[in-house]
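One-based numbering along the sequence shown. First listed ligand is number 1; within each ligand, the first listed atom is number 1.
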Amino acid sequence: VTSADSLLCAPHALTMDGSGVGYLADAALAIDRGRILAVGRRPEIAQEYSAERTIDRGHHLMLPGFVDAHMHTGMCLLRGLAQDTHHWMMHGVGPFSAHLSPQAMDAGTRLAVLEAVRAGTTTFGDFGWSMDSVCAFLAQVGVRGAVAVTIREAEQRIYAPGELYTFDRALGRRQFDANLQLFDRWHGAANARLRVFFGPQGADFLSRELLLEVHQAARARATRMHMHVAQGDRETAQIEQRYGCRSIACLDQVGVLDANLLAVHLTEASADEARLVAERGASMALCSGSIGIIDGIVPPAAAFQSAGGRVALGSDQAPGNNNHNMFNEMKLTALFNKVHAGDPEVMPAWRVLRMATIEGAAALGWADEIGSLTAGKRADVSLIDLRRPTLAPVHLRPMRNLVPNLVYAARGDEVDTVLVDGQIVVDKGRLVTMAEDQIFSEAQRYAAAIGPAAEAEFFRIDNANARAMRDGNL
Ligand SMILES: [Zn+2]
């Protein structure tokens, strides 16, 4: 008999091992010092391992924690303030994001993490401005993160459609330095739960020289570059004006399309361009909800996958998605791609569940440690209550309905328990490592200052939401 810290038992498990979801009935997991020792049928595991603690759930489904590969948690206080309008970045979120203080971003991060972890997300691919406090918070909550600093040279102001960005070399240098310092401070910290990536905002936001420098810095440190790629017609117009080529051809010329790159969105990429990025070995982060709301576009993830590329899912940001919930991302990814292709067999439920777990982990370069319930990996696990209206009844023959119900019916509040590194982070649907009430009241307090500060610019720009407010329709 081998000793373990804990045994986790449930009538059903989706291990995500193999090429599908790796279903296992009457499942048990032996965990020791944060690592999965063994996965198997309960009678065998119980015989072989003696544990100090047994978490035994009678009507639950066990699965790996979700990987949310692309997020801007610092924007969470702007939830619901920028959708249903053209020119999202400049005219939608621009008037509000100008008034996000570092403290307001931190309060937003805390709210976003609370929301996501309660819906089963255990790995946070976060991207933003003040990331030191984000790393500290993720470490404190006890979750996992791949965190990058926004690196840009384009001066921060609202540009008119088609206006070429003006570059501020000193800003680019400052942000690059901040990313380098973040790497030195946090990469491998918190029991190796934190990794630091490098975050050039996009091909249009910095010079090719700085982009190449950032790329080399990431490569020298054996970490990834996390970058928006072909993120909308705004970027395409900037790149064509500046270099006379489209984003992906330009990035290929610079030489940054490689296995080290996590390419986010590919909103404007043609199927051929998506295939080129995949063939260069890069991974893709697909943000179906965000790009659907912001651009009304379905990015070419199916083409990317058919060229052999790995696709992760991302919730992006709350002002234009408008949540951090991987159940929402899975459902929208499946639905949008079916509608787009006019084919119900495109993006089946089991495939999008893989994107939210093992394929997402691979896209972050982390599949050796997370993404599946496999002996030797870290114990990042969710237990989902099947005695909820959205997940009942359970069918096992002739087909199992567990995965379709998770993807098409569940909303996230069915998540009962979440463990990261074998430690309980969510219990009975509540975050146990932080005070939830404080997170809500702090978010509301910082949010209160944003609206009045943004009001004049909001009505001057007069986007679709401003008109709807003026007309009394919103
Ligand atoms: Zn983004």
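Around the Zn ion (ligand 1), the angle linking H72 (NE2) with H228 (NE2) is 100°, rounded to 10 degrees.
Judged as a side-chain hydrogen bond (donor to acceptor under 3.5 Å, both in side chains), and not counting sequence neighbours, T15 has no contacts.
Taking the six-membered ring for Trp and the full ring otherwise, H226 and H228 have centroids separated by 6.0 Å or more. Aromatic ring centres of F127 and F197: separated by at least 6.0 Å.
Among the atoms of H70, an N, O or S atom falls under 2.8 Å of the Zn ion (ligand 1). Not one N/O/S atom of C287, from backbone or side chain, sits under 2.8 Å from the Zn ion (ligand 1).
Applying the disulfide bond (SG atoms under 2.5 Å apart) test to residues at least two apart or on different chains, the pairs with a partner in residues 219-279 are C245-C250.
Taking the Zn ion (ligand 1) as reference, the nearest N/O/S atom within D316 carries the name OD1.
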